[in-house]
Amino acid sequence: MDHVRWLNDEEKRAWSAFTNAHALLYRRLEQRLKRDFGMSGLQYEILARLSEAPNRELRMAELAGALVNSKSGLTYQIGQLEKSGLVRRRSCPSDERAVYAVLDDAGMALLERAAPGHVEMVRELLFDALSPEQVRALADGLGEASRRMSGAAGGVDPAVAYAGDCAGNAAEAAAGAGS
């Protein structure tokens, strides 16, 4: 502890602005999602990530990593979304350890209803307050910080997310779910 690199005034200002803006934005988004759609911000992010994935499905471990959430925390949230009929889990016949979260049609419909207001609020509260140069600086700076914190890997390994023949079995799994 002899050599502490204390934050200078500009770094303190940036840190304070970041933590305040994040807390205020998240609180407003969370309140609206709860009030209008009965879901949390994390549940919205789960639905959004699944909607963007091939076949609207991801391995649970990969989804937890992408959301920077624990596997047990994600398992709980997926359980809540399953009870609401928005997602389902499916196993992989060729790898019994792999469990996938799959976005169902009802989950996609809810996301399609929630997304316009969610995006408009993000735009209004965050991006409308920034110039294009500030948006680029924000994306570059926070992107680099995220890469450093998550390691040099730099993101999702598609071979892990869509391993084996499981992604190819999604149509069969979906057809089997309806029988």
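The first residue in the sequence is number 1, and the count goes up from there. What you see is a predicted model; the values in this text were computed from it and never measured. All heavy atoms count here, side chains included; hydrogens, waters and symmetry mates do not.
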Undergrad: Asn20: which residues meet the side-chain contact (heavy atoms from CB on, under 4.5 Å) condition with it, sequence neighbours left out?
TA: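 Scan of Asn20 (side-chain contact (heavy atoms from CB on, under 4.5 Å), adjacent residues dropped) gives Ser16.
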
Undergrad: So, using salt bridge (Lys or Arg N to Asp or Glu O under 4.0 Å) as the criterion, who are the partners of Arg35 when residues are at least two apart?
TA: none

Undergrad: Heavy-atom distance under 4.5 Å between the side chains of Leu125 and Leu24, does that happen here?
TA: no

Undergrad: Does the Arg90 side chain pair with the main chain of Val102, one donor and one acceptor, at a distance under 3.5 Å?
TA: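 No; zero donor-acceptor contacts below 3.5 Å.
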
Undergrad: With side chains defined as the heavy atoms from C-beta onward, is the minimum distance between Gln80 and Leu42 less than 4.5 Å?
TA: no

Undergrad: Find the distance between CE (Met60) and OG1 (Thr75) and round it off to the nearest 0.5 Å.
TA: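 Going from CE on Met60 over to OG1 on Thr75, the span is 4.0 Å.
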
Undergrad: Specify the closest pair of heavy atoms between Ala64 and Leu74, including all atoms of both residues, with the distance to one decimal.
TA: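 Heavy atoms only, the tightest pair is N-CD2, 3.4 Å.
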
Undergrad: Hey, could you give me the CD1/CD1 distance between Ile78 and Ile46, rounded to the nearest 0.5 Å?
TA: 4.5 Å

Undergrad: Taking side chain as C-beta onward, heavy atoms only, is Leu86 less than 4.5 Å from Met39?
TA: no

Undergrad: List for me each residue that meets side chain to side chain donor-acceptor pair (under 3.5 Å) alongside Tyr76, sequence neighbours excluded, and say none if there are none.
TA: none

Undergrad: Can you name the residues that form a side-chain contact (heavy atoms from CB on, under 4.5 Å) with Leu138, not counting sequence neighbours?
TA: Leu130, Leu142

Undergrad: State which residues pass ring-ring contact (aromatic ring centres under 6.0 Å, His included) with Phe37; sequence neighbours excluded, sorted by chain then number.
TA: none

Undergrad: Which residue pairs pass the salt bridge (Lys or Arg N to Asp or Glu O under 4.0 Å) test when at least one of the two sits in residues 13-30, sequence neighbours left out?
TA: Glu10-Arg13

Undergrad: In chain order, what residues pass the side-chain contact (heavy atoms from CB on, under 4.5 Å) check against Ser146, with sequence neighbours excluded?
TA: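 side-chain contact (heavy atoms from CB on, under 4.5 Å) check on Ser146 returns nothing, list empty.
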
Undergrad: Between atom CG of Leu81 and atom CG of Leu103, what is the distance when rounded to the nearest 0.5 Å?
TA: 9.0 Å

Undergrad: Measure across Ser40 and Leu33 and return the closest heavy-atom pair with its distance rounded to 0.1 Å.
TA: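 Between these two residues, the closest heavy atoms are O-CD1, 4.1 Å.
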
Undergrad: Under a 4.5 Å side-chain heavy-atom rule over Ile, Leu, Val, Met, Phe, Trp and Tyr, are Leu47 and Val99 clustered together?
TA: yes

Undergrad: Checking Asp9 now: which residues fulfil salt bridge (Lys or Arg N to Asp or Glu O under 4.0 Å) with it, not counting sequence neighbours?
TA: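 Counting only residues at least two positions away or on another chain, Asp9 forms a salt bridge (Lys or Arg N to Asp or Glu O under 4.0 Å) with Lys12.
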
Undergrad: Tell me if a side-chain donor or acceptor on Glu11 pairs with a main-chain N or O of Asn8 at a distance below 3.5 Å.
TA: yes

Undergrad: Pairs under 3.5 angstrom only: tabulate donor-acceptor contacts from the side chains of residues 104-124 to other protein residues two or more places apart or in another chain.
TA:
| residue | atom | partner | partner atom | Å |
| --- | --- | --- | --- | --- |
| Asp104 | OD1 | Arg88 | NE | 3.0 |
| Asp105 | OD1 | Arg56 | NH2 | 2.7 |

Undergrad: Is there a donor-acceptor pair closer than 3.5 Å between any side-chain N or O of Asn55 and the backbone N or O of Glu57?
TA: no

Undergrad: Taking only residues two or more places apart in sequence, or in another chain, which ones meet Ser131 in a side-chain contact (heavy atoms from CB on, under 4.5 Å)?
TA: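 Result, side-chain contact (heavy atoms from CB on, under 4.5 Å) vs Ser131: Glu133, Gln134.
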
Undergrad: Taking side chain to side chain donor-acceptor pair (under 3.5 Å) as the definition, give me every residue that meets it alongside Glu45, ordered by chain and number, with sequence neighbours left out.
TA: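 Glu45 satisfies side chain to side chain donor-acceptor pair (under 3.5 Å) with no residue once adjacent residues are dropped.
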
Undergrad: Take the angle between the ring planes of His22 and Tyr26 and call it parallel below 30°, perpendicular above 60°, tilted in between.
TA: parallel

Undergrad: For the atom pair CD (Gln43) and OG (Ser84), what is the distance rounded to the nearest 0.5 Å?
TA: 7.0 Å

Undergrad: Keeping to residues at least two apart or across chains, list the salt bridge (Lys or Arg N to Asp or Glu O under 4.0 Å) pairs with something in residues 75-87.
TA: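 Listed by first then second residue: Glu82-Arg89.
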
Undergrad: Quick one: pull up OH in Tyr100 and CG in Asp95 and give me the separation to the nearest 0.5 Å.
TA: 7.5 Å

